Amino acid sequence: MKWITIKRHLRDSLRSLKRNGWMAFAAISGVAVTILLVGISLALVFNVTKLSHDVESDVRVHVLVEPKTTTKQKAKLETELNDLKGVTKVTYSSKANELKKVVSQYGDSFKMFGGDDNPLNDVYTIKATDPEETMAIAKKAAKLDHVAKANYGGDEAKKLFRTMDSVRNWGVGFSVLLLIVAIFLIANTIRITILSRRNEIEIMRLVGATRWYIRWPFILEGAWTGLLGAIVPLVIIDLGYANVFRAVGRQLASSGYSLMTPGQLIWPLNLTLVVVAMLIGAFGAAISMRRFLKV
Amino acid sequence: MKWITIKRHLRDSLRSLKRNGWMAFAAISGVAVTILLVGISLALVFNVTKLSHDVESDVRVHVLVEPKTTTKQKAKLETELNDLKGVTKVTYSSKANELKKVVSQYGDSFKMFGGDDNPLNDVYTIKATDPEETMAIAKKAAKLDHVAKANYGGDEAKKLFRTMDSVRNWGVGFSVLLLIVAIFLIANTIRITILSRRNEIEIMRLVGATRWYIRWPFILEGAWTGLLGAIVPLVIIDLGYANVFRAVGRQLASSGYSLMTPGQLIWPLNLTLVVVAMLIGAFGAAISMRRFLKV
Amino acid sequence: MLKLLNVEMRYPNGVSALKNVTLTVEQGEFVYLVGHSGAGKSTLIKLLYRELVPTSGFIQINNFDLRQMKEHQVPQLRRTLGVVFQDFKLLPKMTVGENIGYALQVIGKSDAEIKEAVEQVLNDVGLEKQADHFPNELSGGQQQRVAIARAIVNRPKILIADEPTGNLDPQTTEGIMDILQRINGRGTTVIMATHNQQIVDELPHRVLEISGGKIIRDEQGGQYTHEVDNNQKTPAR
Amino acid sequence: MLKLLNVEMRYPNGVSALKNVTLTVEQGEFVYLVGHSGAGKSTLIKLLYRELVPTSGFIQINNFDLRQMKEHQVPQLRRTLGVVFQDFKLLPKMTVGENIGYALQVIGKSDAEIKEAVEQVLNDVGLEKQADHFPNELSGGQQQRVAIARAIVNRPKILIADEPTGNLDPQTTEGIMDILQRINGRGTTVIMATHNQQIVDELPHRVLEISGGKIIRDEQGGQYTHEVDNNQKTPAR
Ligand SMILES: Nc1ncnc2c1ncn2[C@@H]1O[C@H](COP(=O)(O)OP(=O)(O)OP(=O)(O)O)[C@@H](O)[C@H]1O
Ligand SMILES: Nc1ncnc2c1ncn2[C@@H]1O[C@H](COP(=O)(O)OP(=O)(O)OP(=O)(O)O)[C@@H](O)[C@H]1O
Ligand SMILES: [Mg+2]
Ligand SMILES: [Mg+2]
């Protein structure tokens, strides 16, 4: 394509957008509202996914140390545990400490088992980098010297993993549905505006314009509609998310969970949605015109 | 309005819908996709709300019976507990039984406390009708004779309630956002189709039609567009939900949770969405026409 | 009765299309509106059925004061008028029969009355076979005749026709003029913008000539051309 | 050169608009197409620029075989033609200047060339002041002149005009006819459907008369009316 042709297509597309007034405005606001919904939903789903991982990371491996293990042996064990693949953090809790937990849960009657009567074990608690590896770590830890038993909540944890997995699956499924719906809605909006301009297209053909010469300005106009439609909702989402992050972040702080930071979320989201909106606008226009450019 | 006029408006609106072919089809499919999204989302949110209540109902009050309470006294206590307001179910677990739980959690070393050494209490577990009343029940139960202590998980439970509350709030917030978006999108679609027909409206005015005579067929056409647009997605949702209910129901069965039955969900959802779609279509048309019918 | 007093019309883009037009037409008159392309004929006509509201001045038609009247009265005014638009303005999604019937439907005629009147008028303009066709399936002249049929079907007190024979052959034109004269004979005022010199010259009526937005000639039984005005260039035909 | 052989045109709704039309027009000829409203003139014209494809028969124009040609070649054909459509077909969102410029833009002319050509042609049709107006801000006759300007601006080999003077006063009509004759004098074939008896009679050229979809007369230097055909009713004008 020659440079002058490209310039003309650009000019024609912008001019048409401007002169189509209400129609263009309606199309842009249709895109805007769709993008707003998609943006908010994706931000939600991304955070639910993140939180589900956070929850899973709360599952720890408890390594019970054999009674009568010496301090030196324990030190060696701790090093070995730290060296296991996928381990982030190892914390120690003496059996006295463990007893306190039992007492707080089952009542003071258990206090009588203090001191040497204490039937409990010293415990190392291991946090895994990736919750998926918890099980593997437990198995490896169990084989180390001086380890009585290594468990990670067993069925409870498996159930939690399953639940979080299905939360994520529903989230992904919902996002995909939403994206498909958004693509359809934006393309459909563009389609209706183009349907209403079939006469224009007809006239252009009658005065000798080739199909691509007619198509380009419409495709570009579709892309601008997508772009303009994406800007406002994305600004709203960006500002809104920064606020939500601050507010919810404070609430969550005590629990140890956290939302995605605005930095992590906003740029990928903005970039994706702008590009998607422009592409859908352009493709929507191209596809909608096929009918009129056939014969 | 005279009967013949109503008949004409009905006829004109249906005729116009039929003859507007692709444009009408595009508008209807826009409505359909929007309703599909709203329907699925509402079904999801309703179930999340229900599940969050189910989870809350899992919070029980544990009533520890004083040691040395006789069987007769225990029977009386059980009756009294059953008579408390808001209590659904009372189950009994002997202290021997309780010990088994401890052993399974903390290891065989606790087996030595079997028999008379058992420091635990007999326990009544109470399920409340409404999870919100759990706390009140615990308080009342604590005051009964022979009760050592009545607790309900304390902070843990409060945290759970808070979490479930915010899950529900987000769900409601999201539903409201979604409904507003849907209303806007459907009205906007109708608006674009009407913008593209301003010439028609202009001509009708020029041959002496009053504003309401012009408006009615467009309003009715908007309502049919809403109706036709709602039917297909609702059929899909109805059939789909029946399947999801069966599949997910089986998975959940073991956990004691359950989805809303199709009977509970489908009719309210269908009715609401059909009515909403028709109203938005009609109002969307009426509002979009204002501009053309002013001067 | 139709009366204009010092009417001025300036379009939003600044074009001044009518300047200080004063005019009276009695019930039952037949008036030709002539003038060059762009002189202001259609603008004057659009003022009569209130598609346009004048920038200043006074217009009265069939006892409606067009500047004072409320928006909801406009349909009442238009129902006393029959208008043939220069660009036809047919409803694209209605058949020929429905287009004509619509003008009767809005004034609440019964289906039977509509059916009969539509058949009659389509016969008059020679389109009985096209009743169920859509406008885009008609030739230019056929569309123009549908527009004429719609304008006369409800027997208006004033018939306003903007260039009603521009797309018609001489023979069909003659048929249409017969109809217009017949309607005029029954007491309907006819106001007709036209470029057809032969019609004006051979069927003499009152002639109003507009030039540059001003009425420059108002002559009973006048001819199409006027020596004084057009002497720059001898009209070839 | 333009050639039709046994061309039949039946519309989707069953109307048979052209029957067995055979016709040859040499480069540089000037042809009037006459006939009653609905005779088939516009249909014939639409076949020439391939808005319609004939039900059967053969059409050749400027070495394009219109039945065999590929879809992507159609723009090539149309660029060798200038067409004045009966309903003008102006692009509503483009100004007068842009509308005319568009026909040059699609064949890749430079902005400077376009500007000059548009100014020139607007001058020819007397609309230099309306260059920046939109079509809906023009009178009927002005719109028609824009359509004519667009058709002639790219100096086509064949100019096809469907009723190009229906909305013009006699004086403007004369100006347009001057232009068409001048173009024809430079070697452009002109095919013009018209109802204007005076033009046909006073500027004699080849006359093709269509009636009921058939060519019933093909006469060099013929008159508008033909005694044999129209004897049922004496044309009044
Ligand atoms: N909607 C409009 N906006 C701006 N200017 C307009 C508008 N309509 C017409 N004009 C201008 O007003 C003037 C008078 O136009 P009008 O349509 O009344 O002419 P006319 O006498 O009917 O011409 P014709 O015989 O060509 O139909 C013209 O110069 C035209 O360009
Ligand atoms: N798109 C169409 N679909 C169906 N029938 C049509 C269509 N266009 C034209 N016709 C019919 O074909 C016949 C010829 O129409 P055409 O437009 O060729 O007439 P014309 O000679 O141009 O008439 P006019 O002088 O009124 O413009 C008419 O009977 C008309 O009703
Ligand atoms: Mg006019
Ligand atoms: Mg024609």
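Naming: A, B, ... by sequence-line order, numbering from 1 per chain. This structure is a prediction, so every number in the text was calculated from the model and none was measured.
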Short side-chain to backbone donor-acceptor contact, D:T55 and D:R10, under 3.5 Å
yes
If you tally heavy-atom pairs under 4.5 Å against chain D, which of C:S42, C:G141, C:P12, C:G40 wins?
C:G141
Does any backbone or side-chain atom of C:S37 lie under 4.5 Å from a heavy atom of chain D? Answer side chain, backbone, both or neither.
both
Can you tell which part of C:V15 gets under 4.5 Å to a heavy atom of chain D, answering side chain, backbone, both or neither?
side chain
Taking side chain as everything from C-beta outward and backbone as N, CA, C, O, which of these in C:E163 sits under 4.5 Å from a heavy atom of chain D? Side chain, backbone, both or neither.
side chain
Residue part contacting chain D, namely of C:N13, when any heavy atom lies under 4.5 Å:
side chain
Does a side-chain N-to-carboxylate-O contact under 4.0 Å join C:R50 and C:E71?
yes
Take the angle between the ring planes of D:F30 and D:H205 and call it parallel below 30°, perpendicular above 60°, tilted in between.
parallel
Ignoring hydrogens and angles, tell me if any N or O in the side chain of D:D162 forms a donor-acceptor pair with the backbone of D:A193 under 3.5 Å.
no
Closest heavy-atom pair and its distance - D:Q197, C:P170:
OE1-CG, 4.2 Å
